[in-house]
Amino acid sequence: MNNTSKIDNNSMHVEVLQYQNEKYNPLLTELICYDSKSEQIIALGQNTEGVVFKGTGGFSNENKWEMQDVDMLDDFYMQVKFDFQGLTNVLVEGFDESGKSLWKTRYIKSNPKDKNIGIQLVSVHQEMLKDPVATLQELGRMGYSYVETFVYNNGTFYGMSPNEFREVVEAQDMQFLGSMTFHNLPTPNYWESSMQWWSKCIDDHLAAGVEYLTTSNNQLKSITTTAELQRYCDYYNAIGKLCKEKGLTFAFHNHADEFGMVEDVRIYDYFLENTDPEYVHFQADIYWMDVGEVNPVDYFQKHPKRFLSWHIKDYKELGASGKINWMELFHHPDFEVPEYMVAEVEDYSYPSLYSVQLAWEYLYYEILD
């Protein structure tokens, strides 16, 4: 079965093939679309015998869709049942008028990965805790090219060793490229042990195939002096230097607190100006920049070489709020989109896996060239 989206994904052209005599032969072609007047899903198709058929249908429950097809004389043609066993896995079966099964096929979605879109796994955290293998399988079929985690803990990712997790991700035709990690600023007495922790952390991520590490800071609201900010800059420089020596790239990830002021200096600006560009890059969370009431364009124009990655997140599903000008960001003449584009959804109108599928579709079909 071949499927091609048409008219802004509101319709789909379907071609059903049958494997016979060592080749695939067409059985029928069909256009399935949403009719905005009747608010129904309508199908119109033709088989190899020249019979044209039309059909309407609906859900019998949340996972099963039934469509009744008739020919152009309104005589019974076929009943087709769709069993949605996952967002990327559908069992389709056709029946004659007596209810006898005529054929059965399974549709496995396999979206393209040519635009190199990543996904932050916090978007599907509960699903990953429940069944990481099945969740990663869904993400790989949706078209995501790589994953970024945030769950590194004592040398493991979701309870798996670095090599085990890497193998599970790669089995779904994705890569494990990024990881958000957390280790608070140490006191002077614990500086050495902190650097040892980071050294082990970096080694574990290298074993997993990771290319970049990020960290964030949830303690900024308590900071009152630039001297305290400088301690963080020194810390990030040390982590970044260690990463570079071992073969990883290090980046700082923002939330909204970074756009507050300390001694008349914006925290984010201080970090950009007082960390070493050789060792410390930045991962811009576009949503939190908007919450912090700054324009990310200003930063990308002023510091075009500092941004390794974007977290592409909106107030709910990506593009739904209308508050963030994604087209401007992705097609601005003054700077390039960074190497790592990471979709993220943390507030949902739908089940989370469906929401991250919408994020991929929005980026792939509406934003990226």
Asks: Does some side-chain heavy atom of V294 sit less than 4.5 Å from a side-chain heavy atom of Y268?
Replies: no
Asks: Would you kindly say whether D96 and S98 are connected by a side-chain donor-acceptor distance under 3.5 Å?
Replies: yes
Asks: Under a single-linkage definition using a 4.5 Å side-chain heavy-atom cutoff for Ile, Leu, Val, Met, Phe, Trp and Tyr, are Y365 and L368 assigned to the same hydrophobic cluster?
Replies: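 Per the 4.5 Å side-chain linkage, Y365 and L368 are co-clustered.
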Asks: Would S179 and T149 count as having a side-chain donor-acceptor pair, cut-off 3.5 Å?
Replies: yes
Asks: Using a 4.5 Å cut-off on heavy atoms from C-beta on, say whether the side chain of Y212 contacts that of H205.
Replies: no
Asks: Would you say the side chains of Q219 and Y232 form a donor-acceptor pair under 3.5 Å?
Replies: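 Short answer, yes.
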Asks: For E192, enumerate each residue passing the salt bridge (charged side-chain N to carboxylate O under 4.0 Å, His left out) test, keeping only those at least two apart in sequence or located in another chain.
Replies: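 For E192 there are no salt bridge (charged side-chain N to carboxylate O under 4.0 Å, His left out) partners, ignoring immediate neighbours.
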Asks: Are H183 and Y235 side-chain neighbours, meaning at least one heavy-atom pair lies under 4.5 Å?
Replies: yes
Asks: Under 4.5 Å between side-chain heavy atoms, counting indirect links through other Ile/Leu/Val/Met/Phe/Trp/Tyr residues: same cluster for V265 and V280 or not?
Replies: yes
Asks: Would you say the ring centers of F335 and F307 fall short of 6.0 Å from each other?
Replies: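 Between F307 and F335, which both carry aromatic rings, the centre distance is not below 6.0 Å.
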Asks: Hydrophobic clustering (ILVMFWY, side-chain heavy atoms < 4.5 Å, transitive) - are V122 and L139 grouped together?
Replies: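 Shared cluster, yes.
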Asks: Of the non-hydrogen atoms in F176 and F157, which two are nearest, and what is the gap between them?
Replies: CZ-CE2, 3.7 Å
Asks: Just so I know, are the side chains of T214 and S309 near enough to count as touching, which here means a heavy-atom distance under 4.5 Å?
Replies: no
Asks: Answer yes or no: does atom CZ of F59 have more than 12 heavy-atom neighbours from other residues, nucleotides or ligands under 6.0 Å?
Replies: yes
Asks: Evaluate E127 against E138 for side-chain contact (heavy atoms from CB on, under 4.5 Å), listing each step before the verdict.
Replies: CA-CA 11 Å; E127 288 80 1; E138 294 278 1; over 6 Å; no
Asks: Once salt bridge (charged side-chain N to carboxylate O under 4.0 Å, His left out) is applied, do any residues pair with K244, and if so which ones, sequence neighbours excluded?
Replies: E278
Asks: Taking atom NZ of K302 as the centre, does the number of heavy atoms from other residues, nucleotides or ligands within less than 6.0 Å exceed 12?
Replies: no
Asks: Please tell me if the side chains of T88 and N111 come closer than 4.5 Å, counting only heavy atoms from C-beta onward.
Replies: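 Not in contact.
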Asks: Would you say L213 and C243 make side-chain contact, with heavy atoms under 4.5 Å?
Replies: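 Result yes, sub-4.5 Å side-chain heavy-atom pair found.
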Asks: Please examine the side chains of D347 and Y315, heavy atoms only from C-beta on, and report whether any two atoms are closer than 4.5 Å.
Replies: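 A side-chain contact under 4.5 Å is absent here.
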Asks: Does W360 belong to the same Ile/Leu/Val/Met/Phe/Trp/Tyr cluster as I108, with side-chain heavy atoms less than 4.5 Å apart forming each link?
Replies: no
Asks: For V345 and A359, which heavy atoms make the closest approach, and how far apart are they?
Replies: CG2-CB, 4.1 Å
Asks: By ring-ring contact (aromatic ring centres under 6.0 Å, His included), which residues pair with Y24, not counting sequence neighbours?
Replies: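 Expected list: Y19.
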Asks: Specify whether W310 and F300 have parallel, tilted or perpendicular ring planes, treating 30° as the upper limit for parallel and 60° as the lower limit for perpendicular.
Replies: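 Ring orientation of W310 relative to F300: parallel.
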Asks: Strictly by modelled atom types, are T56 and Q40 linked by a side-chain donor-acceptor pair under 3.5 Å?
Replies: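 No, because no side-chain N or O of T56 sits under 3.5 Å from a partner of the opposite role on Q40.
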Asks: Does the pair L229 and N274 meet the rule for a side-chain contact (heavy atoms from CB on, under 4.5 Å), with working shown?
Replies: CA-CA 9 Å; L229 292 180; N274 291 276; over 6 Å; no
Asks: Please confirm whether Y107 and F82 have ring centers closer than 6.0 angstrom.
Replies: no
Asks: Under the 3.5 angstrom rule, does the side chain of T135 hit a backbone N or O of D131 as a donor-acceptor pair?
Replies: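 Between the backbone of D131 and the side chain of T135 there is a qualifying donor-acceptor contact (under 3.5 Å).
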Asks: Does atom CZ of F259 have more than 12 heavy-atom neighbours from other groups under 6.0 Å away?
Replies: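 Atom CZ in F259 is crowded, with more than 12 foreign heavy atoms closer than 6.0 Å.
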Asks: Just grab all the side-chain hydrogen bond (donor to acceptor under 3.5 Å, both in side chains) pairs involving residues 112-125, residues at least two apart or on different chains.
Replies: D114-Y364, Q120-E148
Asks: I'd like to know if D203 pairs up with K246 as an ion pair, taking the criterion as any Lys NZ or Arg NE/NH1/NH2 lying under 4.0 Å from an Asp or Glu carboxylate oxygen.
Replies: yes
Asks: Looking at E273, I'd like to know if its CD atom is crowded, meaning that more than 12 non-hydrogen atoms belonging to other residues, nucleotides or ligands lie closer than 6.0 Å.
Replies: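 More than 12 heavy atoms, drawn from other residues, nucleotides or ligands, come within 6.0 Å of this atom.
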Asks: Among F165, Y144, Y158, which residue satisfies the side chain to side chain contact (heavy atoms under 4.5 Å, CB included) criterion with L136?
Replies: F165
Asks: Is there a path of hydrophobic side-chain contacts, each under 4.5 Å between heavy atoms, that joins V80 and L44?
Replies: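 No; L44 is not reachable from V80 via cluster members.
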Asks: Does one side chain, of Y77 or N47, offer a donor that lies under 3.5 Å from an acceptor on the other?
Replies: yes
Asks: May I ask you to decide if the ring planes of Y236 and F250 are parallel, tilted or perpendicular, using 30° and 60° as cut-offs?
Replies: tilted
Asks: Who are the salt bridge (charged side-chain N to carboxylate O under 4.0 Å, His left out) partners of K54, not counting sequence neighbours?
Replies: D74
Asks: What residues form a salt bridge (charged side-chain N to carboxylate O under 4.0 Å, His left out) with E245, not counting sequence neighbours?
Replies: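 Counting only residues at least two positions away or on another chain, E245 forms a salt bridge (charged side-chain N to carboxylate O under 4.0 Å, His left out) with K241.
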Asks: Looking at F282 versus Y299, is the centre-to-centre ring distance below 6.0 Å?
Replies: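 No, ring centres 6.0 Å or more apart.
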Asks: Less than 4.5 Å apart, side chain to side chain, heavy atoms only: is that true for F330 and M341?
Replies: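 Touching, per the 4.5 Å side-chain cut-off.
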